[in-house]
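In what follows, a single structure is set out as structure tokens and then discussed.
Computed from heavy atoms alone, side chains included, the values below leave out hydrogens, waters and symmetry copies.
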Amino acid sequence: TNTSFAIPSVVAHLPFLTSLTFHENPGLTGPIPPAIGTMTDLTFLRLDWNSLSGPVPDFLARLTRLDYLNLAFNQFSGAIPAPLAALPLGYLAIDHNRLTGPIPESLARSPAAYLYLSNNNLTGSIPPSFASNTFERIDLSRNQLSGDAAHLFGRSKPLQLLDLSRNHAIEFNITQVEIPEEMTALDLNHNRIYGRLPPEMGKVEWQLLNVSYNQICGPIPSGERIQSFDRYAFFHNKCLCGPPLPACK
């Protein structure tokens, strides 16, 4: 059946509901109805893998107890509303949509540990205020972001996963970057990152690492885990060398 349906406004009659999920309904279309904004007891709102469209509405900021918001894999367009940052979110996913505009500076104040904004058309730079973030996982891949991202790093940050791949214009010197102690996954492929890989990268227990298609130079740090990746994790750089790439001259 190809019948399409919308989120019913009758959900407004469930004001004490704490959890609402519409997951994997390809026939679910239209915008998020204002009725959702009246459900102020919600702590969990999952509307992923549907065919919802329109803007991500400002009225979601009225859900002042919301800890989990997942709008991934829909057709939402427009900007990310800055007021979302005021919510006590631990988890925010708006990836795989059609969002445009910049990442709101205010998101740095969000307590979210998990931030997924990949596969959109976001532009501009990663807000400098993210330097004070306490994210554990950040995925900003496959957008059109540009400029510096070095401020996301730092030894004492709780960051475990950082994916900035395929933005094509993120540009910073990786030489002085401090890898967070908890980090096990870093994907920077298809950008303009330059400099030398910090030697401490050889000590990390990497589960995922990809720095290919950048402008990085010098020897790949030696370490058991880093050398377990094949050349595809490192190739197409300016003058990166050493195993698993050809030896340094």
Side-chain angles (χ1 to χ4, degrees), residues 67-68 85 88-93 95 103-118 125-143 145 147-167 170-235 237 240-245:
D67 169 63
Y68 178 102
L89 292 172
Y91 183 104
L92 175 60
D95 52 288
I103 298 172
E105 189 82 45
S106 60
L107 271 187
R109 295 197 299 274
S110 167
Y114 297 85
L115 180 66
Y116 299 105
L117 301 176
S118 70
S125 57
I126 298 164
S129 54
F130 275 32
S132 59
N133 71 69
T134 52
F135 300 115
E136 292 172 24
R137 292 173 168 257
I138 306 178
D139 188 351
L140 306 177
S141 63
R142 295 175 186 266
N143 281 290
L145 300 168
D148 194 4
H151 56 293
L152 297 177
F153 294 85
R155 199 175 318 284
S156 60
K157 293 192 179 174
L159 198 58
Q160 298 161 14
L161 174 147
L162 177 61
D163 191 344
L164 303 174
S165 61
R166 293 183 181 270
N167 276 286
I170 287 177
E171 191 170 345
F172 64 93
N173 184 346
I174 198 167
T175 310
Q176 306 298 333
V177 154
E178 290 187 351
I179 304 296
E181 283 175 8
E182 309 282 316
M183 182 171 274
T184 56
L186 179 64
D187 195 342
L188 302 173
N189 79 76
H190 286 84
N191 280 295
R192 298 180 189 161
I193 294 156
Y194 59 95
R196 288 172 170 252
L197 296 178
E200 70 195 74
M201 285 180 72
K203 303 189 185 86
V204 176
E205 292 290 312
W206 296 111
Q207 291 166 11
L208 181 152
L209 178 66
N210 192 335
V211 296
S212 65
Y213 290 91
N214 279 290
Q215 294 165 22
I216 303 169
C217 233
I220 293 170
S222 56
E224 199 175 325
R225 288 307 283 267
I226 202 168
Q227 256 84 48
S228 70
F229 293 95
D230 59 29
R231 66 190 188 94
Y232 298 107
F234 302 100
F235 75 158
N237 269 287
L240 201 53
C241 58
L245 295 180

Under the salt bridge (charged side-chain N to carboxylate O under 4.0 Å, His left out) test, which residues partner E136, sequence neighbours left out?
none
Shortest non-hydrogen contact from A233 to L209?
CB-O, 3.3 Å
Is the backbone of L89 close enough, under 3.5 Å, to the side chain of D67 for a donor and an acceptor to pair up by distance?
no
Contact between R109 and S132 at the side-chain level, heavy atoms closer than 4.5 Å - yes or no?
no
Assess the residue pair I226 and F234 against the criterion (side-chain contact (heavy atoms from CB on, under 4.5 Å)); give the C-alpha distance rounded to whole Å, side-chain angles, the decisive distance to 0.1 Å, and a yes or no.
CA-CA 10 Å; I226 202 168; F234 302 100; 3.9 Å; yes
Any heavy-atom pair between the side chains of I103 and L145 that's under 4.5 Å?
yes
I'd like to check I174 versus P198 (side-chain heavy atoms, cut-off strictly below 4.5 Å). Are they in contact?
yes
If we check ring-ring contact (aromatic ring centres under 6.0 Å, His included) with F135, which of these qualifies: Y114, F130, Y91?
F130
R225, CZ atom: more than 12 neighbouring heavy atoms under 6.0 Å:
yes
On a heavy-atom basis, which atom in S222 and which in Q227 lie closest, and how many Å separate them?
CA-OE1, 3.3 Å
Give the table of side-chain donor-acceptor pairs shorter than 3.5 Å for residues 150-162, with sequence neighbours excluded, one pair per line with atom names and distance.
residue : atom : partner : partner atom : Å
H151    : NE2  : I126    : O            : 3.3
H151    : NE2  : P127    : O            : 3.0
R155    : NH1  : E200    : OE2          : 3.0
K157    : NZ   : A131    : O            : 2.8
K157    : NZ   : H151    : O            : 2.7
K157    : NZ   : F153    : O            : 3.3

Show the nearest heavy-atom pair for residues P199 and P221, with the distance to one decimal.
O-CB, 3.6 Å
Please tell me if the side chains of P244 and D230 come closer than 4.5 Å, counting only heavy atoms from C-beta onward.
no
F235 and Y213: ring-ring contact (aromatic ring centres under 6.0 Å, His included), yes or no, with the steps?
CA-CA 7 Å; F235 75 158; Y213 290 91; 5.6 Å; yes
Are V211 and L240 side-chain neighbours, meaning at least one heavy-atom pair lies under 4.5 Å?
yes
Can you find a heavy atom in the side chain of F229 that is under 4.5 Å from one in the side chain of N210?
no
Supply the atom-to-atom distance D163 CG to L117 CG, rounded to the nearest 0.5 angstrom.
11.5 Å
Measure the CE-CZ distance between M183 and R137 for me, rounded to the nearest 0.5 Å.
10.5 Å
Value rounded to 0.5 Å, distance of CZ in R192 from CG in N214:
10.5 Å
Inter-residue atom distance D187.CG - L140.CG, 0.5 Å rounding:
12.0 Å
Side-chain donor or acceptor of W206 paired with backbone N/O of M201 under 3.5 Å
yes
Give a yes or no on this: more than 12 heavy atoms of other residues, nucleotides or ligands lie within 6.0 Å of atom CD of Q176.
no
Got a donor-acceptor contact below 3.5 angstrom from the N133 side chain to the A108 backbone?
no
So, taking the atom named OG in S165 and the one named CG in D139, what distance separates them when rounded to the nearest 0.5 Å?
7.0 Å
To the closest 0.5 Å, what do you measure between CD1 (I220) and CG (L197)?
7.0 Å
